[in-house]
Amino acid sequence: MSWLGGNSDSGAKRSGIVSVLDIGSHKICCIIAKLKPREESQLLRGRTHRIQVIGIGHQKSRGVKSGVIVDLDRAEQAIRLAVDAAERMAGLTIDSLIVNVSAGRLKSDAATATVNLGGHETDEADVRRVLEAGARQALRHERQVVHTLPVGFLLDTERGIQDPRGMVGDVLGVDMHVLTADAAPLRNLELCINRAHLSVERMVATPYASGLSALVDDEGEMGAACIDIGAGTTSMSVFFSGKMVYASSIPIGGAHVTMDLARGLSTAMDDAERMKVMHGTVMPAAGDDRDLVTVQPIGSEADDGGMQVPRAAMNRIIRARVEETLEIVRDRLNQSGSGHLAGKRVVLTGGGAQLQGLAEAARRILGRNVRIGRPLGVAGLPEAAKGPAFATAVGLMIYPQVAEFEVGQVAGGVSHRLTGTGGRFGRVGQWLRQSF
C-alpha cells in the first residue's frame, strides 16, 4: 500500500492512497484508491474513511489454480499488466500492495494470553505484547499467521473490554481469533509479486476481505456468514459482534462447474463457460426438457452448427456440483463451532454467486436466509466492477480501517513487522488516527 502525502486546505491533513491486488483463479485485479475521513453516519457505521477509486486494472488470471501460484512467469506477467493499467489510470506509481490469500488451508484457532501490567496504565506496547503472546500459541511447523484478531480484552477480572489503552490494572489478557495458513503457498505468492518489482504490504484472507466489503453493520454485529464463491476456491467467514470469529476455504469454485460442463458435454472450456453464464441455472425450471442449447463439440468447425442438447441436461451437471459445494460449506460451518453465531443470515458473494438460482439453492441446503452481497460504500468503481466478483478487492481497501490491533509474523515468531513490509503497515492504524 502506498501512503502518499498531499496537503489539504488546512495543511494539517493528508490524503492516503491505498493500493490492493486481488489474485484469483479467474481474474487478477489491481485497484488504487484514495482514503478520506468521513463523517459518522447510520450507514456503514464501522467505516472511518470514504474510499474513492482512482485507478483500476484487471486481467484474465494466468498461472493461478485454486488460489495457488502454479506458474510464476505467467502469474507475474498478469500481475504486471493489471498493476500497470491501474497505475496509468490513477496517474501514479505504486511500490507495494495489500494482497488477498485464499490458498494454504486456512485454519481458525482460538487463543488466550495474559501479560502483567504491574498496576500501571495500559499502553500500545502492552497491547502489542499480549497480542504477540496470543499469536505465538497458534504457530505450528510450516504454518504462518495471517490474522490475529482480538475478540475481547480482559483487565484483571473484567472481560469484554474493546480497547484497554489508558486503563489501569495488574493483568491484561486477550481472547483471540488467530487465522493461519500453510507457509509455502504464501511465500510463493509473495515471491511472484516481488518478481514484478512490488512488495507485499499485508496479506489479508479472502473470506475476511469479502465480509468487510459485503456485510452491512447490523449483519456483522448480530452475526452472519459470508460465503465467497470464486473461480477456484469457495471461502467462508463468520462475523459476530463486529468481528470475524471464523474463516475457512475449500479448493472448489465456479471453474469446477465449468470443467464439469466441458467434460459432460465434450466441449471446450470457453464454450462451457459461455453456456453456463448465458443459459445455466441451479434450479430446475419448467420447459427445461424442451429448451435446447447448442453445444460446439471439441475439434468441430465453427460453421458445423454444433449439436443440440436439452437445457435440463446441462443444468443437471451444474446443479450436482453446486449442491455438493454448498453441502461441504454447510458441514464446515456446522463443525466449526461458530456456525450458530451466524444466526440465520448468509451473504453470498464472489463471481460464482452470480449463477442464476444459486441463492435459492443455498437457502434450501444451508437452511438460512440468503442474499447476494455486493461491495458497499465505495465511490468511483466502474459499473462492471460493482458486482459480487469485486467484493474481495473492495474489502482489501476497507481493511486498513480495521487493522489497528493486528500483529504480523516474521520467521521464528511474531512481530510488529508484517509480511513483506519494512514495518510500514504496522503504523497504518496509527497513521489513520493521527493524520485526520
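Values below: all heavy atoms of this structure, side chains included; hydrogens, waters and symmetry mates excluded. Here the structure is a predicted model, which means the values were calculated and not measured.
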For [X], give me all partners under side chain to side chain contact (heavy atoms under 4.5 Å, CB included), at least two apart in sequence or on another chain.
X    : answer
A342 : A225, V238, R368
R321 : I252, H256, V257, D260, E324, T325
V171 : T114, N116, D156
K386 : L381, E383

Tell me whether [X] contacts the main-chain N or O of [Y] through its side chain, where contact means a donor paired with an acceptor under 3.5 Å.
X    : Y    : result
S108 : Y246 : no
R50  : K36  : no
E87  : I94  : yes
E190 : V200 : no
D228 : S235 : no
S249 : S102 : yes
S19  : I32  : no
S241 : K243 : no

Do [X] and [Y] come within less than 4.5 Å of each other through their side chains, counting heavy atoms only?
X    : Y    : answer
V204 : V20  : no
P388 : L348 : no
S248 : M236 : yes
L172 : R129 : no
S213 : I398 : yes
I28  : L21  : yes
E121 : V168 : yes

Any residue meeting side chain to side chain donor-acceptor pair (under 3.5 Å) with [X], in chain and number order, not counting sequence neighbours:
X    : value
D123 : none
T122 : none
R371 : E219
E158 : none

Just list the side-chain donor-acceptor pairs under 3.5 Å for residues 58-70, sequence neighbours left out, or say none.
unit_1, atom_1, unit_2, atom_2, d
S61, OG, G24, O, 2.6
S66, OG, G232, O, 3.2

From [atom1] ([X]) to [atom2] ([Y]), nearest 0.5 Å:
X    : Y    : atom1 : atom2 : value
H147 : R202 : NE2   : CZ    : 5.5 Å
L326 : L358 : CG    : CG    : 6.0 Å
L366 : K344 : CG    : NZ    : 10.0 Å
S210 : D22  : OG    : CG    : 8.0 Å
I51  : L35  : CD1   : CG    : 6.0 Å
E221 : F239 : CD    : CZ    : 11.5 Å

- Run the salt-bridge test on D270 and R274 with the 4.0 Å N-O cut-off and return the result as yes or no. no
- Query: Excluding sequence neighbours, so at least two apart, what forms ring-ring contact (aromatic ring centres under 6.0 Å, His included) with F153?
  - Reply: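 For F153, the residues satisfying ring-ring contact (aromatic ring centres under 6.0 Å, His included) (neighbours in sequence not counted) are F405.
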- Item | L117 and L155: CA distance, side-chain angles, deciding distance, side chain to side chain contact (heavy atoms under 4.5 Å, CB included) verdict | CA-CA 10 Å; L117 294 177; L155 204 55; 3.6 Å; yes
- Message: Evaluate Y208 against V402 for side chain to side chain contact (heavy atoms under 4.5 Å, CB included), listing each step before the verdict.
- Response: CA-CA 11 Å; Y208 189 23; V402 300; 3.6 Å; yes
Return a table of donor-acceptor pairs under 3.5 angstrom between the side chains of residues 74-83 and protein atoms on other chains or two or more places apart.
unit_1, atom_1, unit_2, atom_2, d
E76, OE1, R195, NE, 2.9
E76, OE1, R195, NH2, 3.1
E76, OE2, R80, NE, 2.9
E76, OE2, R80, NH2, 3.0
R80, NH2, R195, O, 2.9

- Query: Taking atom NE2 of H177 as the centre, does the number of heavy atoms from other residues, nucleotides or ligands within less than 6.0 Å exceed 12?
  - Reply: yes
- Message: Counting neighbours of CZ on R364 that are heavy atoms of other residues, nucleotides or ligands and sit closer than 6.0 Å, is the number greater than 12?
- Response: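 Enclosed: over 12 neighbouring heavy atoms sit under 6.0 Å from CZ of R364.
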- Step by step, work out the side chain to side chain contact (heavy atoms under 4.5 Å, CB included) result for E360 and V282. CA-CA 8 Å; E360 290 85 350; V282 182; over 6 Å; no
- Message: Set out, in order, the CA-CA distance, both residues' side-chain angles and the distance that settles salt bridge (charged side-chain N to carboxylate O under 4.0 Å, His left out) for E327 and R330, then state yes or no.
- Response: CA-CA 5 Å; E327 285 165 1; R330 178 195 63 199; 5.1 Å; no
- Side-chain H-bond candidate by donor/acceptor type, N100 with T206, under 3.5 Å: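 N100 vs T206: donor-acceptor pair found between side chains.
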For a quick test of reading the model, state the closest non-hydrogen atom pair linking [X] to [Y] and the distance between them.
X    : Y    : result
L149 : M244 : CD1-CE, 3.5 Å
A181 : A103 : CB-O, 4.2 Å
L97  : C30  : CD2-SG, 4.0 Å

- Query: Does anything in residues 171-186 pair up under salt bridge (charged side-chain N to carboxylate O under 4.0 Å, His left out), and if so which pairs, sequence neighbours excluded?
  - Reply: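 The answer is R105-D182, R143-D182, R159-D175.
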- Task: Dump the intermediate steps for side chain to side chain contact (heavy atoms under 4.5 Å, CB included) on Q354 and I229, then the final yes or no.
- Result: CA-CA 9 Å; Q354 298 170 112; I229 304 175; over 6 Å; no
